[in-house]
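Atoms considered below: every heavy atom in the structure, side chains included; atoms not considered: hydrogens, waters and symmetry mates.
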Amino acid sequence: QVQLVESGGGLVQAGGSLRLSCAASGRTFSNYVMGWFRQAPGKDREFVAAISWNTGRTYYTDSVKGRFTISRDNAKNTVYLQMNSLKPEDTAVYFCAAGLTFGSRPTGYHYWGQGTQVTVSS
């Protein structure tokens, strides 16, 4: 059974940092792309970043470039999202996802975690 379990969310002041983790289990992910998405209340789910588990290639949405960094630890089967210089507009539930397509569309990802709340106060 595939499981993606996010952790690391919380409340932080604007300008602060958080590191989200996504522990993956239940299958081999070496050919997969791991993505982070977020969803704020009343808004659609939004792509944040993705990384190829095999090559380490990364992809970011423009609004987080230079502030967020996605990485993976193959030995721990874990993907991270380091978030710096956080802004109130980054407030959302953050989801980890796994798929076979390197891209920003949620439909390209087959497995999803339950999400972790990130709240940035002004």
Side-chain angles (χ1 to χ4, degrees):
Q1 180 182 359
V2 173
Q3 278 195 313
L4 302 177
V5 180
E6 303 98 333
S7 61
L11 173 64
V12 64
Q13 288 188 333
S17 298
L18 283 174
R19 188 177 80 157
L20 305 184
S21 299
C22 171
S25 63
R27 68 164 299 131
T28 301
F29 289 93
S30 57
N31 293 325
Y32 274 72
V33 174
M34 304 299 293
W36 284 99
F37 290 78
R38 64 187 180 187
Q39 189 165 19
K43 294 189 176 182
D44 292 335
R45 192 163 295 190
E46 175 191 27
F47 170 77
V48 176
I51 186 167
S52 166
W53 204 288
N54 187 28
T55 67
R57 176 188 174 193
T58 59
Y59 176 41
Y60 298 91
T61 192
D62 286 346
S63 62
V64 307
K65 284 181 182 177
R67 300 190 299 124
F68 291 12
T69 302
I70 189 170
S71 62
R72 88 270 195 232
D73 185 327
N74 290 353
K76 295 182 178 180
N77 249 24
T78 300
V79 176
Y80 303 98
L81 185 68
Q82 177 67 44
M83 305 186 296
N84 299 328
S85 302
L86 282 161
K87 305 175 181 180
E89 51 264 42
D90 294 318
T91 295
V93 178
Y94 283 70
F95 297 90
C96 175
L100 294 173
T101 303
F102 194 84
S104 61
R105 295 184 178 181
T107 53
Y109 293 81
H110 310 301
Y111 304 109
W112 292 84
Q114 293 300 308
T116 185
Q117 177 70 46
V118 171
T119 303
V120 184
S121 63
S122 58

Review item, side-chain donor-acceptor pairs of residues 41-50, under 3.5 Å, at least two apart:
{"residue": "Arg45", "atom": "NE", "partner": "Gln39", "partner atom": "OE1", "Å": "3.3"}
{"residue": "Arg45", "atom": "NH2", "partner": "Gln39", "partner atom": "OE1", "Å": "3.3"}
{"residue": "Glu46", "atom": "OE1", "partner": "Arg38", "partner atom": "NE", "Å": "2.8"}

Donor-acceptor list for residues 99-116 side chains, cut-off 3.5 Å, not counting sequence neighbours:
{"residue": "Tyr109", "atom": "OH", "partner": "Gly103", "partner atom": "O", "Å": "2.7"}
{"residue": "Trp112", "atom": "NE1", "partner": "Tyr109", "partner atom": "O", "Å": "3.3"}
{"residue": "Thr116", "atom": "OG1", "partner": "Gly9", "partner atom": "N", "Å": "3.2"}

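A distance of 10.5 Å separates CZ of Phe95 from CH2 of Trp36, quoted to the nearest 0.5 Å. Annotation: the span from Ser122 atom OG to Glu89 atom CD amounts to 10.0 Å, rounded to 0.5 Å. The distance from the CZ atom of Arg27 to the OH atom of Tyr32 is 3.5 Å, given to the nearest 0.5 Å. Between the CZ atom of Phe68 and the CG atom of Leu20 there is a distance of 8.0 Å, given to the nearest 0.5 Å.
For the pair Leu11 and Ser121, the tightest heavy-atom approach, listed with the atom from each and the gap, is CD1-CB, 4.4 Å. Across Thr69 and Tyr60, no two heavy atoms sit closer than the pair CA-OH, 3.3 Å.
Residue pairs that meet the disulfide bond (SG atoms under 2.5 Å apart) test with at least one member in residues 38-70, sequence neighbours left out, do not exist here. Here disulfide bond (SG atoms under 2.5 Å apart) pairs that include residues 91-122, with residues two or more places apart or in two chains, are Cys22-Cys96.
Judged as a side chain to side chain donor-acceptor pair (under 3.5 Å), and not counting sequence neighbours, the contacts of Asn84 are Ser17, Gln82. Shown here are the side chain to side chain contact (heavy atoms under 4.5 Å, CB included) partners of Asn54, two or more places apart in sequence or in another chain: Ser52. For Val120, the side chain to side chain contact (heavy atoms under 4.5 Å, CB included) partners at least two apart in sequence or on another chain are Val12, Ala14, Leu86, Pro88, Asp90, Thr91, Val118. Not counting sequence neighbours, the partners of Gln117 by the side chain to side chain donor-acceptor pair (under 3.5 Å) test are Thr119. Remark: Thr61 engages no residue in a side chain to side chain donor-acceptor pair (under 3.5 Å) (not counting sequence neighbours). The side chain to side chain donor-acceptor pair (under 3.5 Å) search around Asn31 returns none, not counting sequence neighbours. With sequence neighbours left out, Ser85 forms a side chain to side chain contact (heavy atoms under 4.5 Å, CB included) with Arg67.
In terms of hydrophobic clustering, with Ile, Leu, Val, Met, Phe, Trp and Tyr side chains grouped at heavy-atom distances under 4.5 Å, Val64 and Tyr59 are assigned to different clusters. Each of Trp53 and Val33 belongs to its own hydrophobic cluster when Ile, Leu, Val, Met, Phe, Trp and Tyr are linked at side-chain heavy-atom distances under 4.5 angstrom. Cluster membership for Val2 and Met34, using ILVMFWY side-chain heavy atoms within less than 4.5 angstrom, is shared. One hydrophobic cluster, built from ILVMFWY side chains closer than 4.5 Å, holds both Tyr94 and Ile70.
Side-chain contact between Leu4 and Phe29: present, with at least one pair of heavy atoms (C-beta onward) separated by less than 4.5 Å.
The hydrophobic cluster analysis finds Tyr80 isolated: no Ile, Leu, Val, Met, Phe, Trp or Tyr side chain comes under 4.5 Å of it, directly or through other members.
Asp73 contributes no side-chain N or O that, together with a main-chain N or O of Thr78, makes up a donor-acceptor pair within less than 3.5 Å.
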